[in-house]
Amino acid sequence: MRRAHGILGCCLALLLLPQLLPAARGSPHRLRRQPRPPGSRSGGLAATDAACKNRPLDLVFIVDSSRSVRPEEFEKVKIFLSKMIDTLDVGERTTRVAVMNYASTVKIEFPLRTYFDKASMKEAVSHIEPLSAGTMTGLAIQTAMDEVFTEEMGTRPATFYIPKVVIVVTDGRPQDQVQDVAEKARTAGIEIYAIGVDRADMQSLRIMASEPLDKHVFYVETYGVIEKLTSQFRDTFCAVDTCAPGRHDCDQICMRNNGSYVCDCYEGYTLNSDKKTCSPMDMCAPGRHDCAQVCLNNDGSYSCDCYEGYTLNADKKTCSAVDMCEPGRHDCEQVCVRDDLSYTCDCYQGYTLNPDKKTCSRAITSSLVTTEESCKCEAIAALQDSITSHLEALSTKLDEVSEKLEAYQGREQVV
């Protein structure tokens, strides 16, 4: 008899299992029983997963473990988390997962940077313990923003365009301020899904969830059927890779954008008006380069050069005047004379510059004497003759005086 009652109870439970039905906008999804397709098995997620690969996410589960959640119910939540992990394309370059546990306090069970394989994540989930008292949902969302969605904790940079997603699971009414915190999170680009169980306050779920509410708010009557939501989230997170080869017509870079894509260009290129193709930028346009004299476009980049007579400095930007008289830079035979940015040639003393303005020849001394020079020579010669004549006359007189003096001295000796 007891066994018959047990069988009857199981049948009634199956009839009452909720299954997700489309709801009006602003209303939560409710779970109701759905017949299993012929030939399907309880582990049939693999077939669906093969046909659908979820887009990369930075996904954070925020799980309520307040006193109202009985231990056996919390175990159901952990089963739900494990089944959700099974549906995700988990990996360092695909979907990263973090789990937070909250009641009156918040505990980060593991951040986005910790595990990149399903087995390690599910093992960590199996060891999560409930925190008991309190339901501080606002504090949990704020902690996710401050301590989990950071690059240090594993969140990808904004330039990667990886969606940031939160899934909150709760069965009660928040005991703190949720509306402002949730609005701040949504403004920061975090998409929030809210799952209410049993006695959950539906108004609070709507306040915290992202729009449209009929796609982000879910309700189940018991924790016993929460795992059935995995199929709904699997379909929600399923996305075609719009940037896969053959799916886009971007010339250079394809960037996923909320189920679609936008095109971009490599550095040094600019997107054309068709929003698909790219053209090299004029990198030598004023303000785009820092060349001191000459800018040369070079396939999306540029290089600097200098005017004639200048040479490029080691910084590859500025220029200095060339020493045109430096060995090897000129073709003067003897003397190089700098002339601003050019040069002229000259010759040593006794040489004269040839008509080619480069080479030199020894100078020829002229034997011709001008009339003026001739006159000067005659005057000098006459002066020399006059002096010579006077010197000769003076010498004769000296001789005469000398003879007379000798004769006088001779007479004195006789006397």
Is any side-chain heavy atom of [X] closer than 4.5 Å to a side-chain heavy atom of [Y]?
| X | Y | answer |
| --- | --- | --- |
| Tyr223 | Val69 | yes |
| Phe237 | Leu88 | yes |
| Leu213 | His216 | no |
| Met100 | Val60 | yes |
| Arg173 | Thr137 | no |
| Val322 | Glu326 | no |
| Leu353 | Lys357 | yes |
| Phe80 | Ile195 | yes |

For the residue pair [X] and [Y], what are the closest heavy atoms and their distance?
| X | Y | answer |
| --- | --- | --- |
| Leu131 | Ser65 | N-OG, 2.9 Å |
| Ile85 | Val90 | O-CG2, 4.0 Å |
| Pro56 | Thr95 | CA-OG1, 3.7 Å |
| Gly138 | Val181 | O-CG1, 3.5 Å |
| Thr94 | Asp89 | OG1-O, 2.7 Å |
| Val335 | Cys347 | CG2-C, 4.2 Å |

inquiry  = Suppose the criterion is ring-ring contact (aromatic ring centres under 6.0 Å, His included): which pairs have a residue in residues 85-138, not counting sequence neighbours?
reply    =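 For residues 85-138: Phe110-Tyr115.
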key: Where at least one partner belongs to residues 299-322, residue pairs that pass ring-ring contact (aromatic ring centres under 6.0 Å, His included), sequence neighbours excluded   =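 Listed by first then second residue: nothing to list.
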Lys358 atom NZ, neighbour heavy-atom count above 12 within 6.0 Å =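 For Lys358, atom NZ is not crowded (no more than 12 foreign heavy atoms under 6.0 Å).
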inquiry  = Looking at Arg362, I want to see if its CZ is surrounded by more than 12 non-hydrogen atoms of other residues, nucleotides or ligands under 6.0 Å.
reply    =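 Count not over threshold, so no.
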What do you reckon, [X] and [Y] SGs under 2.5 Å?
| X | Y | value |
| --- | --- | --- |
| Cys278 | Cys265 | yes |
| Cys291 | Cys304 | yes |
| Cys325 | Cys336 | yes |

What I want to check is whether the side chains of [X] and [Y] have a donor and an acceptor closer together than 3.5 Å.
| X | Y | value |
| --- | --- | --- |
| Thr170 | Asp64 | yes |
| Asp315 | Thr318 | yes |
| Ser120 | Asp117 | yes |
| Tyr351 | Gln349 | no |
| Asp331 | Tyr343 | yes |
| Ser68 | Asp171 | yes |

request  = Scan residues 262-278 for pairs that pass salt bridge (Lys or Arg N to Asp or Glu O under 4.0 Å), counting only residues two or more places apart or in two chains.
outcome  =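 Those involving residues 262-278 are Asp249-Lys276.
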If we ignore hydrogens and angles and just use 3.5 Å, is the side chain of [X] paired with the main-chain N or O of [Y] as donor and acceptor?
| X | Y | result |
| --- | --- | --- |
| Asn101 | Glu129 | yes |
| Thr388 | Gln384 | yes |
| Lys118 | Asp86 | yes |
| Thr270 | Met281 | no |
| Arg96 | Glu92 | yes |
| Ser301 | Asn298 | no |
| Thr236 | Gln232 | yes |
| Ser386 | Ala382 | no |

Can you name the residues that form a side-chain hydrogen bond (donor to acceptor under 3.5 Å, both in side chains) with [X], not counting sequence neighbours?
| X | result |
| --- | --- |
| Gln175 | none |
| Asp399 | none |
| Thr359 | Asn354, Asp356 |
| Gln179 | none |

[atom1]/[X] to [atom2]/[Y] distance, rounded to the nearest 0.5 angstrom?
| X | Y | atom1 | atom2 | answer |
| --- | --- | --- | --- | --- |
| Ser303 | Met283 | OG | CE | 11.5 Å |
| Ser279 | Gln252 | OG | CD | 9.0 Å |
| Leu81 | Glu109 | CG | CD | 10.0 Å |
| Cys254 | His248 | SG | NE2 | 4.5 Å |
| Tyr261 | Cys243 | OH | SG | 8.0 Å |
| Phe74 | Ser66 | CZ | OG | 10.0 Å |

request  = Given side-chain contact (heavy atoms from CB on, under 4.5 Å), test Gln293 with Asp305 step by step and report yes or no.
outcome  = CA-CA 7 Å; Gln293 293 186 356; Asp305 203 353; over 6 Å; no
message = Please verify the inter-ring angle class for Phe233 with Phe218; under 30° counts as parallel, over 60° as perpendicular, anything in between as tilted.
response =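 Aromatic pair Phe233/Phe218 classed tilted.
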Only counting residues at least two apart or in another chain, list the ones meeting side chain to side chain contact (heavy atoms under 4.5 Å, CB included) with [X].
| X | result |
| --- | --- |
| Arg67 | Ala133 |
| Leu391 | Ile387 |
| Val262 | Met255, Asn257 |

Does [X] come within less than 4.0 Å of [Y], counting only side-chain N to carboxylate O?
| X | Y | result |
| --- | --- | --- |
| Arg338 | Asp323 | yes |
| Glu73 | Lys76 | no |
| Arg186 | Glu183 | no |

query = Do any pairs count as a side chain to side chain donor-acceptor pair (under 3.5 Å) and have a residue in residues 146-166, sequence neighbours left out, and if so which ones?
reply =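 Only Asp58-Arg156, Gln142-Asp146 qualify under side chain to side chain donor-acceptor pair (under 3.5 Å).
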Listed partners of Asp198 passing salt bridge (charged side-chain N to carboxylate O under 4.0 Å, His left out), at least two apart =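 Listed in chain order: nothing, the list is empty.
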